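Only one structure is covered here, and it is reproduced in the block below.
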Amino acid sequence: MNETHSTLENILEQRKEKIAKIKEMGFEPFPYSYTVTHKSKVVLDNYDELEEKTVSVAGRLMNIRRMGKASFAHLQDAEGRIQLYISKNDIGEESYAMFKLLDIGDIIGVEGIVMKTRTGETTVKATSLTLLTKNIRPLPIVKEKDGVVYDAFTDKELRYRKRYLDLIVNPEVKDTFVKRATITRATRKFFDDRGYLEVETPILQALYGGANARPFVTHHNSLDQDLYLRIADELYLKRLIVGGFEKVYEFSRNFRNEGMDRSHNPEFTAIEFYEAYVDYFYMMDFVEEYFKTIAELMGSMIVEYRGEKIDFSKPFERKSMADLFDEYLKIDIAAFTEKDFADWCQKNKKEFDPKWNYGQFLDKLFDEYIEPKLIQPTFVIDYPKVISPLAKVDRKGDERFVERFELFICSSEYANAFSELNDPIDQRERLEGQDRLRVEGDDEAQAFDEDFIQAIETGMPPTGGVGIGFDRVIMLFTGQTSIKDVLLFPAMRSEKLS
RNA sequence: GGGUGCGUAGCUCAGUCGGUAGAGCAGCGGCCUUUUAAGCCAUUGGUCGAAGGUUCGAAUCCUUCCGCACUCACCA
């Protein structure tokens, strides 16, 4: 076949033919290993010591500038790019002929001498060239001059679907995920340093609980039983506190069968942690320290996000829901009844559902009128009991409120925590209440988990528990405004591949 | 789920009033031993997201569908 048409199909064919030619020439297009002595970045950073020395580098050919009997090319490895100078005289007739068959996207190893070109760019002057992997599917071609990128690979759909291409041609994407790993590592260290035990609990659960959300359902064949992908790991971590572990944490991949948008992906990562003998006040300090630690790690206590300057250096504000309602809406939530809320909504032209209960009114009005005001890190404390079935009643005595806080930054929720309910009688009643709601058709109400109740009946010490939306933390500290940009493979509708 | 926008070559994009599809890069064939968005010459490549409809004629207008983005709603 000698087609020269540049349809994708023909390009694939042409490159397969190149593989055959390369084999005929006696070269192996897919060898097993290669000894790399230097990463590109090391060569660039240590030019003075490496000048005139021989190094071996390996990576992907990102561009090639052929000039007859010699060529320049750029090689990209995990940490950067370095220029190669490849001349027929230096690598020999056969190798140069093989090099002529190479394409952008091929992976090669080069042994050569470190030098500078007359324009001053550090370059490896090849003394031998080894093909390590022949590419047959063309890469998007991205060019760059003086920091300006031309023909950037920008199609978001393609970038998310073919993340490997995105990572190859858009270096800043890789940076985000390197930062993500850095934060993950620091998070582990933060907990480990404080005596926490990292645990793993079931993702496949017979009952789902610990949050209000619709689950994904699957089926176990040999048990012949439906199982749910966890929406939270809370109830399992509490069982561990009952079991005598006093400080546990888990990076919990959770699955919620709900809408997707800029800040929601069907699977996401939460860090949940529980500590015996502490309450939510203790956990507020703990969470504040965590965020400050990460901010410091990332290099600045002032984080710019969505056009706001978030200041992590000051103590986080703490405001009760009652104070916030008073401050922004002049509503006295201690005195308001459901009817008062309905009247208020009518007066203020706020749409509402007459079926809303006290907690739902509070929740909806909070989301609409108060959340947007919470830019600097703010702990909102003391939530209505009806929307917090796992939290202990407020020790100050108002039965309608529980000891719960959420951390808001830049109008988004980052953490949710309780003085965990450990009164088994109260807990049973509240989960029975959730179950009634569920039976009545609220598919986000929590299922009744008898074994969890029995664990609480066995006795759970006073416990503080927190869940942190880890992906959002990553977004905040990497400046990303879409969760898709902090997930390597965000959920997408499946595409038809030929 | 609603609204808005987008979908044209492997990639990035043009395409006027409805008149039968263009560029750059990549590819293919040449020239070229310090280039770097390499250059020069030559050249190929299209189910215009899909299906219907209107029309003598549709990338263009209409309808439906698919995908994505943004946004609102829902959702911790």
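Just so it is clear, the model here is predicted, and its values are computed rather than measured. Here is how names work: the chains are called A, B, and so on, in the same order as the sequence lines, proteins then strands, and each is numbered from 1.
- Of the listed nucleotides (B:U44, B:G67, B:U35), B:U35 has the atom at the smallest distance from the side chain of A:Met67.
- Closest approach to the A:Arg15 side chain among B:C13, B:G27, B:C11 is made by B:G27 (side chain taken as heavy atoms from C-beta onward).
- The partner of B:A9 cannot be assigned: no Watson-Crick or G-U wobble pair with both contacts below 3.5 Å exists in any strand.
- Closest contact between the side chain of A:Met115 and the listed nucleotides B:U34, B:C25, B:A38 involves B:U34.
- For A:Ser6 against B:U44, a side-chain N or O and a base N or O form a donor-acceptor pair under 3.5 Å.
- Checking the phosphate oxygens (OP1, OP2) of B:U34, no side-chain nitrogen or oxygen of A:Arg118 falls inside 4.0 Å.
- If you take atom C1' in B:G27 and the same atom in B:U20, they sit 27 Å apart, rounded to whole Å.
- In this structure, of B:U34, B:U44, B:G67, it is B:G67 that holds the atom nearest to the side chain of A:Glu157.
- Across the strands present, B:C74 finds no partner; the criterion is a Watson-Crick or G-U wobble pair with both atom distances under 3.5 angstrom.
- For B:G45, its base never sits under 3.5 Å from the side chain of A:Asn10 at any donor and acceptor pair.
- Of the candidates B:U34, B:C75, B:A38, the closest approach to any side-chain atom of A:Glu258 belongs to B:C75.
- Counting to the nearest Å, the P atom of B:C32 and the CG atom of A:Asn89 are 14 Å from each other.
- When the P atom of B:C25 is taken as reference, atom CD of A:Glu144 falls 18 Å away, rounded to whole Å.
- Side-chain atoms of A:Tyr150 stay outside donor-acceptor range of the base of B:U12, with no qualifying N/O pair under 3.5 Å.
- Checked against B:C70, B:G10, B:C11, the side chain of A:Arg262 finds its nearest nucleotide in B:C70.
- Taking the side chain of A:Thr7 as heavy atoms from C-beta on, and the options B:C13, B:A38, B:G45, the nearest nucleotide is B:G45.
- Regarding contacts with the backbone of B:C75, every side-chain N or O of A:Arg256 stays at 4.0 angstrom or more from both OP1 and OP2.
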